[in-house]
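For reference, the structure is listed below as structure tokens.
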Amino acid sequence: MKSYTEYLTMNVPKQMDFVIITPQVEAALKKSRIQEGILLCNAMHITASVFINDNERGLHHDFGVWLEQLAPFNASPEHYHHNRTGEDNADAHLKRQVMGREVVVAITGGRLDFGPWEQIFYGEFDGRRRKRVLVKIIGE
Amino acid sequence: MKSYTEYLTMNVPKQMDFVIITPQVEAALKKSRIQEGILLCNAMHITASVFINDNERGLHHDFGVWLEQLAPFNASPEHYHHNRTGEDNADAHLKRQVMGREVVVAITGGRLDFGPWEQIFYGEFDGRRRKRVLVKIIGE
Amino acid sequence: MKSYTEYLTMNVPKQMDFVIITPQVEAALKKSRIQEGILLCNAMHITASVFINDNERGLHHDFGVWLEQLAPFNASPEHYHHNRTGEDNADAHLKRQVMGREVVVAITGGRLDFGPWEQIFYGEFDGRRRKRVLVKIIGE
């Protein structure tokens, strides 16, 4: 069994945004030389997500509006107890739960075994700081 | 390390529905002859989910009502920007995020290592078309 | 390829609560002697979650309030059809979908390859009964 580990660095200038990372993940897979196996890609921070969906700007706009409805930003420590710690990002922890922490992707014939529209995204919910994404590949 | 890949084909006649696929996944596991390892099962389309929950019709009704509240269907391109592409399925992309893309299941002694009520479902949110589910198994 | 399987037993006295399980998962990893690979940790019950987020009590309070808004408890079989089975826990099945069933964690150099704040939690949504969590590790 082979394994390969890579860390991507993310610097998202907005509070909330969605960034395609399929090319970086594919580059890591190529370096790993793994032909058959499993690839894990996860946010290493708890106010960010890695997820698979459509590479379409209108949809990303819709994600933002929808997540703000489901888990609105509110800096008040009366509204979110987490913000009593001095943070103001409780909503980002909730948004990340909706969108998920990680994806696991099959590697078949040396490629990400994807359907026609699958793309990997980094979802940032508390940006303007450096964060990391992990790529781990195991197989042969 | 052994690996095994299978693609299931789904044809759901309704817009939204939940279909049990545990038997097909178990059949793939049997064909793989893998005794110890990990099984990945994921929707290959971005308006569908694979998830684990209860095989109970009333609950599936509740899932449908609840998802329609959280992420209502609305064909208008004013409501969802994604629908400015000519699609009308923005809600299906959101519903899929709530229910998830994939499950990862432990294989122990040649079986899906499940609790008493765990069953695997395909969740369709934009049906009436052919879609695929991937099963990837790695182990020994 | 090595594999290791362990089952944790959970007994949560409240209806809904969040319990840190990182120490038990790390102990399982140590016993496995696996240095490079993948770790799966999942709830074996369909009204519970395993997820990764912040070890902060205020945030756990916020999770509880938020999940109750998204998927309120309601014992009535008029409100949730699942409760026509004699159960009253339909809401717990929905809450579990928001928080997820499982996490997959990279193992690098014999350790959980975590960012600075990542901790593993068991999320209980229908407590006061014995439940199990599975830890499966594969690698070398």
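Proteins get letters first, then strands, A, B, ... in listed order; numbering begins at 1 in each. Just so it is clear, the values below take in all heavy atoms, side chains as well, and ignore hydrogens, waters and symmetry mates.
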- prompt: Side chains of A:Asn53 and B:His93: is there a donor and an acceptor less than 3.5 Å apart?
  reply: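 Yes, because at least one side-chain N or O of A:Asn53 sits under 3.5 Å from a partner of the opposite role on B:His93.
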message: A:Ile52 vs B:Met44, test: side chain to side chain contact (heavy atoms under 4.5 Å, CB included). Steps then yes/no.
response: CA-CA 10 Å; A:Ile52 287 174; B:Met44 298 184 79; over 6 Å; no
task: Give the intermediate values and the outcome of side chain to side chain contact (heavy atoms under 4.5 Å, CB included) for residues A:Thr108 and B:Tyr7.
output: CA-CA 12 Å; A:Thr108 308; B:Tyr7 307 94; 4.2 Å; yes
At a heavy-atom separation under 4.5 Å, does [X] approach chain A through its side chain, its backbone, both, or neither?
X        : value
B:Ala71  : both
B:Arg84  : neither
B:Glu102 : side chain
B:Leu134 : side chain

message: Let me confirm one number: the CG-CD1 distance from A:Leu59 to B:Ile46, rounded to the nearest 0.5 Å.
response: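 With rounding to 0.5 Å, CG (A:Leu59) is 7.5 Å from CD1 (B:Ile46).
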Using non-hydrogen atoms only, which part of [X] is less than 4.5 Å away from chain B: side chain, backbone, both, or neither?
X       : answer
A:Met99 : both
A:Val65 : neither
A:Leu67 : neither

Least distance between heavy atoms, B:Lys136 atom then A:Ile107 atom: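 Answer, listing the atom of B:Lys136 first, then A:Ile107: NZ-O, 2.8 Å.
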field: Heavy-atom pair with the smallest gap, counting every atom of A:Trp66 and B:Leu70
entry: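 Reported closest heavy-atom pair: NE1-O, 2.9 Å.
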message: Consider side-chain contact (heavy atoms from CB on, under 4.5 Å). Of A:His61, A:Glu56, A:Arg57, which one does B:His82 pass it with?
response: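 With B:His82 as partner, side-chain contact (heavy atoms from CB on, under 4.5 Å) holds for just one option, A:Glu56.
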- prompt: So which of B:Thr5, B:Leu94, B:Val98 has the largest heavy-atom pair count under 4.5 angstrom toward chain A?
  reply: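 Max contact count across the listed options: B:Leu94.
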query: Under a 4.5 Å heavy-atom cutoff, which of B:His45, B:Lys131, B:Arg132, B:Arg96 has the most pairs with chain A?
result: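 If we count pairs closer than 4.5 Å to chain A, B:Arg96 comes out on top.
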field: Any residue of residues 22-42 of chain A which, by heavy atoms, sits under 4.5 Å from chain B
entry: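 Residues in range: A:Glu36, A:Gly37, A:Ile38.
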- request: Select all residues of residues 109-119 of chain A having any heavy atom within less than 4.5 Å of some heavy atom of chain B, and report them by number, or 'none'.
  value: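 Residues of residues 109-119 of chain A touching chain B at under 4.5 Å: A:Asp113, A:Phe114, A:Gly115, A:Pro116, A:Trp117, A:Glu118.
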message: Between A:Ile138 and B:Ile138, is there a side-chain heavy-atom distance shorter than 4.5 Å?
response: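 B:Ile138 reaches A:Ile138 side chain to side chain.
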